[in-house]
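Comments concern the structure below.
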Amino acid sequence: MTSPLEPATRTGPAVAVIVSTYERPDALDAVLRSLEDQTYRRFEVVVADDGSGPDTRTLVARRAEEVDFPLHHVWQEDRGYRLAAVRNRGAAATELPYLIFLDGDCLVRPDYLRRHARLAERGRFVHGSRVRLDRELSRLALRGEFPLQRWSSPRWLAERLRGRVDRFTPLLRLPLGPLRRVSSRAWRGVKGCNLAVWRTDFLAVNGFDEGFEGWGFEDNDLVVRLIRNGVRRKEGRYAVPVLHLWHEERPPDPASRERFERRLRSAYPDSR
């Protein structure tokens, strides 16, 4: 097996998957199972833990003994919602050149990392789409008896017709070619649950703004600063979707919204 710590070659960069989590060890375990299925093996995983209790630490320690890829755990004290800070901790825990930020409730299909590696291009970040699962389908995924990440497109179409997922089209595979670069300066629609960026570009803008301490907009803020610093968007639609497990929706934090709006009004690449 190719070591994920070897330098990048024409086969694609070595990838660090930064999986953020908080008090959902069952969902995290399902995500790790989906990462075990990857056909691209040049990767390691860093679990970025925003203050979970001992169950998450125990899970990661056990799974680190079982999986055939490097698996690390970084933790910060639970002082409220600090996703931006813990993602930075996760990025700091790896030296690999390509970072993929993934939420701890987002399963990936077996070709996810291989397709991300093919899309990787210097000077560009890649944003992928997501498909939301309903509560019942999410329960099946958490039980571990049904490897949803291996289901075929016809099976997912059937689930869409049953109303158990919100969309089907993101699961299609389409070679968009140059169309992936059309919206190169667009920040709207980007979600941190499925975002890839070169480590050098991430460090050049000082990573996520840790001033975001409420839900929402820390991912949009990062992308705005990347674009202002000369990094361009590359569309990952129809290539690298994630399967988002059900959870209760929460409204964006007003303070986070205001902080991001101030960023948009700023005339400077990074006004922190």
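FYI, the numbering just counts along the sequence from 1.
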Taking atom CZ of Arg257 as the centre, does the number of heavy atoms from other residues, nucleotides or ligands within less than 6.0 Å exceed 12? no
What about Leu119 and Leu113, same hydrophobic cluster or not, with Ile/Leu/Val/Met/Phe/Trp/Tyr joined at side-chain heavy-atom distances under 4.5 Å? yes
Test: Arg162 and Glu136 ion pair at under 4.0 Å: no
Identify the heavy atoms of Ser152 and Arg109 that sit nearest to each other, and give their distance. C-NH2, 4.4 Å
By side chain to side chain donor-acceptor pair (under 3.5 Å) - contacts of Asp111 (at least two apart): Arg115, Arg173
Interatomic spacing from CG in Leu226 to CG in Leu195 - rounded to 0.5 Å: 7.5 Å
Compare every heavy atom of Ser256 with every heavy atom of Gly216, then report the nearest pair and how far apart it is. O-CB, 3.3 Å
Shortest non-hydrogen contact from Ala141 toward Leu107: CB-CD1, 4.0 Å
For the side chain of Arg225 and the backbone of Val205, is there at least one donor-acceptor N/O pair under 3.5 Å apart? yes
Starting at CZ of Arg167, measure out to CZ of Arg160 and round the result to the nearest 0.5 Å. 9.5 Å
In terms of ring plane angle, is the pair Phe208 and Phe202 parallel, tilted or perpendicular, where the classes change at 30° and 60°? perpendicular
Could you check whether atom CZ of Arg185 has more than 12 heavy atoms from other residues, nucleotides or ligands sitting under 6.0 Å from it? no
Please collect all ring pair (Phe, Tyr, Trp, His ring centres under 6.0 Å) contacts where either partner lies in residues 156-181, sequence neighbours excluded, each pair once. Trp151-Trp156
Any chance you could lay out the side-chain contact (heavy atoms from CB on, under 4.5 Å) test for Tyr238 and Leu176, step after step, and finish with the verdict? CA-CA 8 Å; Tyr238 305 121; Leu176 298 182; 3.9 Å; yes
Do Glu159 and Leu133 have side chains that approach each other closer than 4.5 Å (heavy atoms only, starting at C-beta)? no
Identify each donor-acceptor pair in which a side-chain atom of residues 14-25 lies under 3.5 Å from a protein atom, sequence neighbours left out, and give them as a table.
| from | atom 1 | to | atom 2 | distance (Å) |
| --- | --- | --- | --- | --- |
| Ser20 | OG | Asp103 | OD1 | 3.2 |
| Tyr22 | OH | Asp78 | OD2 | 2.8 |
| Glu23 | OE2 | Gly53 | N | 3.0 |

Val86: which other cluster members, linking ILVMFWY side chains closer than 4.5 Å, directly or transitively? Tyr81, Leu83, Trp215
Between Val165 and Leu140, is there shared hydrophobic-cluster membership here, with clusters defined by ILVMFWY side-chain heavy atoms closer than 4.5 Å? yes
Residues two or more places apart in sequence or in another chain: which of them pass side chain to side chain donor-acceptor pair (under 3.5 Å) with Glu66? Arg62, Arg63
Quick test of your reading of the model: are Arg259 and Glu210 salt-bridged, counting only N-O distances below 4.0 Å? no
Give the ring-plane orientation class for His244 versus His247, where under 30° counts as parallel, over 60° as perpendicular and anything between as tilted. tilted
Residue set satisfying salt bridge (charged side-chain N to carboxylate O under 4.0 Å, His left out) with Arg237, at least two apart, ordered chain then number -> Glu235
Should Arg263 and Asp209 count as an ion pair when the cut-off is N to O under 4.0 Å? yes
Taking the basic N atoms (NZ, or NE/NH1/NH2) and the acidic carboxylate oxygens, is any pair closer than 4.0 Å for Arg33 and Asp37? no
For residues Trp75 and Val60: do they belong to one hydrophobic cluster (side chain heavy atoms under 4.5 Å, members Ile, Leu, Val, Met, Phe, Trp, Tyr)? no
How far apart are the C-alpha atoms of Val74 and Arg89, what are their side-chain angles, what is the distance that settles it, and do they pass the side-chain contact (heavy atoms from CB on, under 4.5 Å) test? CA-CA 7 Å; Val74 297; Arg89 282 179 178 262; 4.3 Å; yes
Considering all heavy atoms, the nearest His127-Lys191 contact: CE1-N, 3.3 Å
For Phe69 and Phe43, run ring-ring contact (aromatic ring centres under 6.0 Å, His included): C-alpha distance rounded to whole Å, both residues' side-chain angles, the deciding distance at 0.1 Å, then the answer. CA-CA 7 Å; Phe69 54 82; Phe43 75 98; 4.8 Å; yes
Let me check something: do Trp246 and Val242 share a hydrophobic cluster, defined by ILVMFWY side-chain heavy atoms less than 4.5 Å apart, either directly or through other members? no
Regarding Arg122 and the six-membered ring of Trp198, is the cationic atom NZ or CZ under 6.0 Å from the ring centre and inside 45° of its axis? yes
Is the closest basic N to carboxylate O distance between Asp68 and Arg41 below 4.0 Å? yes
Stepwise side-chain contact (heavy atoms from CB on, under 4.5 Å) test for Tyr112 and Asn194: CA-CA 11 Å; Tyr112 177 78; Asn194 188 6; 2.6 Å; yes
Is any side-chain heavy atom of Arg180 closer than 4.5 Å to one of Glu121? no
